[in-house]
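Just below is one structure, and these are the notes that go with it.
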Number of protein chains: 2
Amino acid sequence: MPDEPQDQHDSVGAWAKKYYLTSRALIESVLREHDLGPTQWYVLYQLANVSATKQRDLSQLLNIERATLSGVVATLVRKGLVAQVADEVDQRQRILSITDAGRALWAELPDPVGRATALSFDGVDAADLEVARRVLREATQRLVEHMAGPGSAGA
Amino acid sequence: MPDEPQDQHDSVGAWAKKYYLTSRALIESVLREHDLGPTQWYVLYQLANVSATKQRDLSQLLNIERATLSGVVATLVRKGLVAQVADEVDQRQRILSITDAGRALWAELPDPVGRATALSFDGVDAADLEVARRVLREATQRLVEHMAGPGSAGA
DNA sequence: GACGTTTCGTTTGCTACCTGACAATAATTG
DNA sequence: CAATTATTGTCAGGTAGCAAACGAAACGTC
């Protein structure tokens, strides 16, 4: 999505977008050197630092649709970084785990998210951060309520 | 891109992302009823409210890559909403203009961006908005400087 | 145990964004 | 003027997201 036309070009909303897209671009440029996308990185993060995880749970953890995760996992399996096996008990569910190759790759990966966050907010006044967080949280909440509520424009 | 794993799940960065994605979802759900994507809407906005525009200039205005715009324009041309003709003087450049059908459609479109912004921030304390805007602007600036600067990770 | 329902993952088809490579056209420069 | 370089748009390929539809498996209920 492009920037808003001039009008609201300097609003909180416009800057939230710009910030998000910029940090995303930074993260992606770092990960590109390792042929990974951000979502792939998150999956690896989860499997490497937490544990093997059911695909269904992972989609909730990452806040993405099953269908989307399905594709991401397929990519990681194709690259040999992740293994996907059916659960013994419930054959519908797939359990994801990191492979040796995946762990080897993970060991040499940077933490692009942590780096971007530090770069963005280290040294900023804590009270200001709190205000910014609250403004964005409340705005998001209003949007969510609006979508769930009246015309319920689906989404 | 999914949410960050728990750790930073409540940071300014995480909320900026959530806000952006939520407002985007709202905007898209409104535009979907008219079979338009947000980028298509912006192109129409520009052509309807400002003037015919060179494709090159438009990609800068909207902050998207030429290649991306190329596809969006192709879609709009296919729908008959936009006309694309080569510049008389410089045959490389394409000039975009809105068609009658495009203008007719535009007349009955809502302004989803304005609506989302109003919904998000109307009634919020002006000083808080200012703080939030400054925090995001400065963070974005730091990221941009970092990308342009040292390792110059391209992007 | 058989029939409907729910859950889970995949597939398909769409939008939208990126990069890298390419052809065509201009502009520059020897 | 010819050769190089820059600009513009497109195409190919990749990532990431969604919704809708589908099959397989599990569950519920009778």
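In the text below, chain A, chain B and the rest are named by the order of the sequence lines, each starting its count at 1.
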Find every protein N or O atom lying less than 3.5 Å from an N or O atom of nucleotides 20-25 of chain D, and list the pairs.
none

Can you run through DNA chain D from 5' to 3' and write each base as (, ), [, ], | or . depending on how it pairs? Watson-Crick or G-U wobble, both distances under 3.5 Å.
||||||||||||||||||||||||||||||
Between A:Arg94 and A:Asp87, is there a salt bridge with N-O shorter than 4.0 Å?
no
For residues B:Tyr19 and A:Tyr19, establish whether the separation of their ring centroids is below 6.0 Å.
no
How close or far is atom C1' of D:dT15 from atom CG of A:Leu21, stated in whole angstroms?
15 Å
Tell me the interatomic distance from B:Lys17, atom NZ, to D:dA16, atom C1', rounded to whole angstroms.
12 Å
Protein-nucleotide distance (A:Tyr20, atom OH; C:dC18, atom P), rounded to Å:
12 Å
Tell me, please, which residues at least two apart from B:Glu130 pass salt bridge (Lys or Arg N to Asp or Glu O under 4.0 Å).
B:Arg133
Which whole-number value in Å describes the distance from A:Asp87 CG to C:dT7 P?
17 Å
B:Glu65 CD to C:dC22 C1', straight-line distance once rounded to whole Å
16 Å
Not counting sequence neighbours, which residues clear side chain to side chain contact (heavy atoms under 4.5 Å, CB included) with B:Arg56? List them please.
B:Lys54, B:Gln93
Taking distance alone, no hydrogens or angles, what donor-acceptor pairs closer than 3.5 Å link side-chain atoms of residues 76-85 of chain A to residues at least two apart or in another chain?
residue : atom : partner : partner atom : Å
A:Lys79 : NZ   : A:Asp35 : O            : 2.6
A:Lys79 : NZ   : A:Gln40 : OE1          : 2.7
A:Gln84 : NE2  : A:Gln55 : OE1          : 2.7

What's A:Lys79 touching, base or sugar-phosphate or nothing? Going by heavy atoms closer than 4.0 Å.
sugar-phosphate
In whole Å, I'd like the distance from the CG atom of B:Asp35 to the P atom of D:dA19.
16 Å
So which pairs with a foot in residues 81-106 of chain B pass ring-ring contact (aromatic ring centres under 6.0 Å, His included), sequence neighbours left out?
B:Trp41-B:Trp106
Would you say that more than 12 heavy atoms from the other residues, nucleotides or ligands in this model lie under 6.0 Å from the CG of B:Asp100, or not?
no
Quick one: is C:dC8 close enough that its OP1 or OP2 comes under 4.0 Å of any side-chain N or O from A:Gln84?
no
Rounding to a whole Å, what distance do you find between A:Leu31:CG and C:dC18:P?
17 Å
Can you tell me how far P of C:dT19 sits from CZ of A:Arg24, to the nearest Å?
12 Å
Kindly give the heavy-atom pair with the smallest separation between A:Leu143 and B:Ala116, and that separation in Å.
CD2-O, 3.9 Å
Toward the 5' end of DNA chain D, by each residue's nearest nucleotide, A:Glu88 or A:Thr75:
A:Thr75
Within a strict 4.5 Å, meaning less than it, do heavy atoms of the A:Leu21 and B:Tyr20 side chains meet?
yes
Reckon A:Gln40 has a side-chain N or O less than 4.0 Å from the OP1 or OP2 of D:dA16?
yes
Closest-nucleotide 5' rank along DNA chain C - winner of B:Thr68 and A:Val73
A:Val73
